[in-house]
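The sequence lines fix the lettering, A, B, ..., with proteins before strands; numbering per chain opens at 1. Both backbone and side-chain heavy atoms feed into the values below; hydrogens, waters and symmetry mates do not. Predicted model only: the values in this text are computed from it and were never measured.
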Amino acid sequence: MGEILRMEGISKSFPGVKALDNVNIVVNSGEVHALLGENGAGKSTLMKILNGVYAPDEGKIIVKGKEVSIHNIKEAQELGISIIFQEFNLCPDLTVADNVYIGRHKNKFGFVDAKYVEKETQKILDRFKLNMIKPGDVVMTMSVAQMQMVEICKAMSFDSDVVVFDEPTAALADSEIEQLFMVIKQLQKEGKGIIYISHRMEELSKIADRVTVLRDGQQVGDPFDFASVTLDELINRMVGRTMEDKYPKHERKIGEVFFEANHIRNKKVNVDHIDVRKGEILGIAGLMGAGRTEMARAIFGADPVSSIEVKVNGKKVNVGSPGQAIKNGIAYLTEDRKNEGLALRLDCEKNINMASMKKISKYGFVINKTAEENAKHYVDALSVKTPKLGQLAQFLSGGNQQKLVLAKWLSRQVDLLIFDEPTRGIDVGAKFEIYKLMNELSDQGVGIIMISSELPELLGMSDRVALMHEGSIVGEVIAKETTQEEIMEYITGLKTKGTEREGNE
Amino acid sequence: GCGKKAADETTAAKKDETTKAAEEKTTEAKKDETTEAKKEEGASGSKTIYVIGKESQYNHWLCLQDGAEACGKEKGYDVIYQAPPLGEVDIEKQVSMVEAAIGTKPAAIVLAPNDTDALAGACAEVQEAGIPMVLVDSKISTEDYDCLVALDNEKAGADVAEEIAQRIGGKGQVGIISAVPGGATIMARENGFINYIKEKYPDIEIVGEILYSQNDSSKAMSQTYDMLAAYPDIKAFYTTNTPTAEGIASALEEKGLGGKVLLGSFDSSDTINGYIQNGTIAACSVAEAYNMGYESVAQAINLIEGKDVEKFVNSGNSIVTPANFDDEHIQELLYPFGK
Amino acid sequence: MNNSNTVKNKITRTKFANFLGSMAGLFGLIIIFSILSRAFLTVDNVISITLSVAIYATLACGISFVLIIGGAELSAGSVVGVAGAIFCVSLRAGIPAWICIIITIGCGILCGLFNGFLVTKMHLIPFIATLGTQYIFRGATYIISSGSSISVREVASEGDLAGLKFIGSGKILGIPMLVYIMVICAVILTIVLSKTTLGRKIFATGSNVEAARLSGISTDKITTIAYMFSGGMAGLAGVMLTTRLLSAQPTAGTSFELEGIAASVIGGVSMMGGQGTIPGAVMGAFIVGIMRNGLNLLGVNTFWQQVITGVIIIVAVWADIMRRRREASKK
Amino acid sequence: MNNSNTVKNKITRTKFANFLGSMAGLFGLIIIFSILSRAFLTVDNVISITLSVAIYATLACGISFVLIIGGAELSAGSVVGVAGAIFCVSLRAGIPAWICIIITIGCGILCGLFNGFLVTKMHLIPFIATLGTQYIFRGATYIISSGSSISVREVASEGDLAGLKFIGSGKILGIPMLVYIMVICAVILTIVLSKTTLGRKIFATGSNVEAARLSGISTDKITTIAYMFSGGMAGLAGVMLTTRLLSAQPTAGTSFELEGIAASVIGGVSMMGGQGTIPGAVMGAFIVGIMRNGLNLLGVNTFWQQVITGVIIIVAVWADIMRRRREASKK
Ligand SMILES: Nc1ncnc2c1ncn2[C@@H]1O[C@H](COP(=O)(O)OP(=O)(O)OP(=O)(O)O)[C@@H](O)[C@H]1O
Ligand SMILES: Nc1ncnc2c1ncn2[C@@H]1O[C@H](COP(=O)(O)OP(=O)(O)OP(=O)(O)O)[C@@H](O)[C@H]1O
Ligand SMILES: [Mg+2]
Ligand SMILES: [Mg+2]
């Protein structure tokens, strides 16, 4: 087990953020090196530096004893370093084999040796026993997990010594995760060094050998063996404070049930019943792909459903389109704010007022003063950092963009707010503000559904937690009375309960 | 309509013979040859004559079509009139049309070629296929045709030049806004005018470059304005086809210059006729289109029936001016389908 | 309050800067041509420029709506043609002229509705949908007019003819009626786009259709409305053209859509959607019109004019991209 | 080995299914017309169809490259025009015909290079870049030809004339030379697109330009090459048209680009990039050509033909979208 990669004294600043501050990491061959830290701790940035996406401000990279400088992904690959990003870099119209060999097809006089490429791809697939993927499959038709496997094959086709996985399980179902782990173990056996980034503590125990922890861009202590610490200690190192600090303490006055949705059915969702009380935060837990987003979109009328019944204050309402859902007091904050939440090329004011046209207009004419005052009110209330109301949304940082989306719905004043991963990619300070806001909203009697992949956040913020597994709600727990372990048991499908209870109601 | 009467007069002698002969023949033929004709249709001797024009929207072509169809009807032939949808610029499609026509083995093909060279190949193909080939309106650059029925565009251009020159007193500035560059007819009309002026009226100055409207009337209007601004003393405009003439005329009228700045043009349309009547257009060469169509089919039939045919048949034109506007013949020519 | 004021000022300033971009081009042209040709800056010539631009500008205003929503509009020229034919045919049917105008604009709006239907309900990409309707509407023009040009003098009643002549070539205070029409339309569309909720919805849809939909905007409806605006303006442009020429030709409006798109884009309307202004589009039309006029005055031949038009399109859009980049990097 | 075989079958099957889509349309048309017109399925007519389609199909093959890369190509028609002019002018200069052909195609490729430059280096969106060059190249055509049509008979030497006539209207084994040229080009481009690394890079760039770039493909270069292919094919189409007509018109090729785009898209080439085949594009050209021919034979008037062309574009693309949706939902 020799050292194959060393990053020394790496620092990197972005305008306004010190993303990395003197970070060191050493990877040995045949080990799975976990890189842990909160959102925004700088993990991805470190890996992007390793792969030449960003240049470090300071520090050096040493591969197999030789100092190197890496300027792009291709150079990294040639040095035997591959990364599997969470957002894929595949060409959807091409086949698996073509994607694996993209840009470097073996050729005779410029002709593609399709047979060779397919054979080689097949070899790699065989090596990892990925027999459900064929070299000739078109990527567009594959599932997310399969696409990830293609990315891995691509990395392996370079015969890389170091493979980086940046949150690989984020989009995978359980069985798929098992398969991924098998692949990783295989790599390990072959003597590769693996850097593994994940927010899921539970799965780490299955594969991680050593751990490096980052916190706010700084390294916390030296790397240590995973087996030598308990999970609690690990989290303590990552967060640097106890759980109580992270979520604002709050007493909620919960009213009666005002929102109900029944028989939500479509391809991905099969939910019989879900309800929300006034002033309540209902958490939704589930693994990625459990269908939480799909359920939320169905309630919001964003996607077609085969059946749904929504009652607000006991009255059946129509949610055939987002417009109708909004009219009935339902709002939805998408998980993908760049593509679905914001009009990036419009300014803050227009984004904030986008869902509140009535409020800022008379007889269909916009009253500029009202519009600006309204926007300004929410910019102040959420302390959105922007030089001016006329700033285009695309120039705001991620957290401030998220606040803009929030401002849009606060301005609309709805009864039910569905937050889908509201704190994804948001720094600690901004998270805390969003939590406070959620509390304020619940004080005003607004019901909240919060979808989150971070169990601590769910436990810290919600009153009840509905548990989803493979499209159905398989149970419901009271946040104060449960543990992460219990929730995990439900959402991984080990345990079901409460489905009968809901059925009986 | 279509100035048919007048046309009859102009080529009276010729026509009497041909039509009478044909009439006799057809009536006989109807009795004796119907069965035979039917058989022939199955083989190659169909009774269909394709007339492929340049376009199908302006009176000139409608009249030509009328004349052609009238002649066909008179003599017992089916005349099918076709034209490319984009009009004169649509050369490639016209070639395809001729080729498609050859494919159906018609009795004869009458063609108004959109281009002198471009259609030459197609005409040769027609002749190779043993189908009588009559050109109408314009010629091609080769001799691969049996007969040409046309008006001499260069001479017509000179006719218009003479009329305009007379009206402006033989001196002053004249501007030319033409249609689409390149076409043989258009070029002949441009050259006829320019050469005549240069030769006969050295005191008349043709100003600036020839502008091209691309058959867009609104562009022609703007170009007229621009010419007027650049050459405030301009005495007359000359143009080579209908859409451009309409544009220039309405620009002149808009400026209140109708009849003060003269316009010489070609071919008629309802709109053009109005402009002649009110004096905006001072001279307009109108081809005897009905006669052209009629004569082209008549020659085609002569060829089908194995008669001798001359290589060139002039179909003639008239210069319409505000002065002769009310003449009976001119009225027939301008309002072939009634007002 | 103080704070809010500076915010407002800043917004105004940015908009003004954008506007200046096109203005600079316009004034550059004007200055060059007034130096090179004495005939250029005369009252007559200025009026004749506005007159030649009026129809294109009207069309460009409508097309801008579609471009802002992120669509494409290749059928506008054919709608101009079909509108002229419908106008004359309905005049011929003895319908009073002002009703004919309404009918014609209505038909233009229907054409837009059809485009909108193809794009939103049949999910065709806008380029293909409007390419198809370009053929369809042009064919319809030929069919309606039986393929021949129709003279307004022949089909309109005496009284109507006078009115139509006045619209097409009359003047009030020395300014042609068509220019008034264009200006009125531009003002109305500017107000719609910048002052109404509809305008905001159009920008939102053009900027990010999914975000707009999830904000409760019925983006299909808004998209269709944008196409209807474009169709309606093309219909009006058809009426304007017909009254100006006093005849409707079946080929009228051919390739006007490209001129309209070029004008919009030169004036800063983004073909990616979400950006653009009506005054910008009008200015774009003027840039093209002034250039044509100036080159005609200078006696530059039509062939070079085509080349120069192409160059101006490319340079104008490129300058726009550069300006935006600079702004982005400045922030 | 067994495994790899089934894989191949799958690929072949999918491609075949796509191909079948267009084929179905084609055969549908053929059957309908052969029933309706006895003249349709004659040898002569079939040859005349292939002849009339040859030039459009050649053009569509080149345009497909640009569409597959995710671009737009509005200048192809003007390149056809400029190519014709250059061809005749170089003939006039006394250069042997075969060298003139190479020069002309070379100029077409240069036009493509210029488009590629505008798109990749000046970052213009393809629609605008090629709209601009449409004007520029058309203007250049007029300038080069001095605005008048040039007769090949006048400018070519005796020997060359015979050769050019043979290319334009000669036949071997009863099949016109132009058809051979078209087929050879289609075969070559098919091979380039499906068998070479260049082809893979083109698909990769069109499918996901960012992924392609990160994988070390110089997407700018590939994009430019695609435009150069299109330019080169347009240049060749210009030569073909000139030899067929034996003259170069300054207006030659006007709006050919729309026909070419329509053909490609009807044949299943996606305007969003990443999808399409050359045989598909050729088939698309044939669908349009057969329809025109059939309607001519049936004596349908040209006005209705325009409408029908538009309808076919819309229906073909819509059917394609539906098929893809069905496939996507199947998986
Ligand atoms: N391109 C960028 N421009 C500006 N700031 C950036 C950029 N990329 C990252 N950052 C900032 O750098 C910090 C570290 O980000 P990074 O993506 O490395 O976090 P992470 O540890 O991967 O978090 P997560 O677990 O959410 O993926 C964050 O504050 C982020 O906002
Ligand atoms: N647009 C899409 N096309 C194809 N598959 C999708 C799409 N959106 C989601 N999926 C897949 O559908 C499944 C359910 O996704 P969904 O987003 O509902 O899960 P989720 O529980 O909300 O998880 P997340 O934490 O990602 O929000 C996943 O496997 C996901 O990859
Ligand atoms: Mg990260
Ligand atoms: Mg989700």
Side-chain angles (χ1 to χ4, degrees), chain A residues 297 300-302 321-327 330-334 336-351 353-358 360-369 371-373 375-376 379-380 386-396 405 408-409 412, chain C residues 1-18 68-70 188 190-222 225 269-270 272-276 324-325 327-331:
Chain A
R297 286 175 68 92
F300 189 57
S321 71
Q324 285 173 330
I326 292 167
K327 278 201 191 95
I330 304 168
Y332 170 66
L333 273 84
T334 58
D336 182 352
R337 66 172 164 261
K338 279 216 165 122
N339 291 322
E340 298 179 344
L342 284 176
L344 289 174
R345 277 172 295 157
L346 294 186
D347 61 28
C348 297
E349 183 260 316
K350 294 216 169 71
N351 269 293
N353 289 321
M354 193 183 286
S356 329
M357 296 288 182
K358 282 247 167 68
I360 57 159
S361 65
K362 227 182 219 169
Y363 315 117
F365 285 88
V366 175
I367 305 156
N368 278 339
K369 198 160 160 241
E372 271 167 31
E373 274 166 8
K376 194 168 180 326
V379 163
D380 290 345
T386 171
K388 57 189 183 197
L389 279 180
Q391 180 78 319
L392 300 189
Q394 71 192 75
F395 297 136
L396 297 190
V405 183
K408 174 167 80 182
W409 293 117
R412 173 75 196 204
Chain C
M1 211 53 253
N2 205 343
N3 197 340
S4 147
N5 253 338
T6 61
V7 166
K8 218 180 200 169
N9 281 345
K10 256 184 197 160
I11 298 179
T12 332
R13 228 179 295 150
T14 338
K15 276 195 188 154
F16 194 61
N18 272 343
I68 288 173
I69 210 135
I188 292 174
T190 305
I191 290 172
V192 168
L193 211 49
S194 62
K195 302 281 176 203
T196 68
T197 54
L198 175 62
R200 284 198 168 218
K201 288 175 185 172
I202 286 175
F203 274 109
T205 306
S207 181
N208 184 342
V209 62
E210 192 56 18
R213 193 174 74 93
L214 292 180
S215 299
I217 296 170
S218 5
T219 49
D220 279 4
K221 204 177 85 187
I222 299 295
I225 288 176
V269 177
S270 162
M272 318 292 281
Q275 286 178 337
R324 270 175 211 181
R325 283 210 171 171
E327 264 166 35
S329 70
K330 227 185 263 165
K331 83 104 210 187

- [ ] Report the distance from atom CG of A:L389 to atom NZ of A:K350, rounding to the nearest 0.5 Å.
- [x] 11.0 Å

- [ ] Using non-hydrogen atoms and a 4.5 Å limit, figure out which bit of A:N353 sits close to chain C: side chain, backbone, both or neither.
- [x] side chain

Open item on the list: Counting heavy-atom pairs under 4.5 Å with chain A, which one of C:G206, C:A211, C:A204, C:G216 comes out on top?
Closed with: C:A211

Open item on the list: Going by salt bridge (charged side-chain N to carboxylate O under 4.0 Å, His left out), name the pairs with one or both residues in residues 196-220 of chain C, residues two or more places apart or in two chains.
Closed with: A:R297-C:E210, A:E349-C:R200, C:K121-C:D220, C:E210-C:R213

Task: Under 4.5 Å from any heavy atom of chain C - which part of A:I367 - done: neither

Task: Side-chain donor/acceptor of A:R412 to backbone N/O of C:S215, under 3.5 Å - done: no

Task: Part of A:T334 lying under 4.5 Å from any heavy atom of chain C - done: side chain

Open item on the list: Can you tell me how far apart OG1 (C:T205) and CD1 (C:I69) are? Round to the nearest 0.5 Å.
Closed with: 5.0 Å

TODO: Using atom types as modelled and distance alone, determine if a side-chain donor or acceptor of A:K408 lies under 3.5 Å from a backbone N or O of A:L342.
DONE: no

Task: Top contributor to chain C interface from A:K358, A:K362, A:E340 [non-hydrogen pairs under 4.5 Å] - done: A:E340

Task: For A:Y332, ring pair (Phe, Tyr, Trp, His ring centres under 6.0 Å) partners two or more places apart - done: A:F300

Task: Residue part contacting chain C, namely of A:A325, when any heavy atom lies under 4.5 Å - done: neither

Task: Portion of A:L346 that has a non-hydrogen atom of chain C nearer than 4.5 angstrom - done: both

Task: Option that, when pairs with chain C are counted at under 4.5 Å, heavy atom only, ranks first among A:A302, A:S361, A:G301 - done: A:A302

- [ ] Determine the option with the most heavy-atom pairs under 4.5 angstrom with chain C, choosing from A:A355, A:S356, A:G364, A:G323.
- [x] A:G364

Open item on the list: What's the separation between atom CD1 in C:I68 and atom OG in C:S207, rounded to the nearest 0.5 Å?
Closed with: 11.5 Å

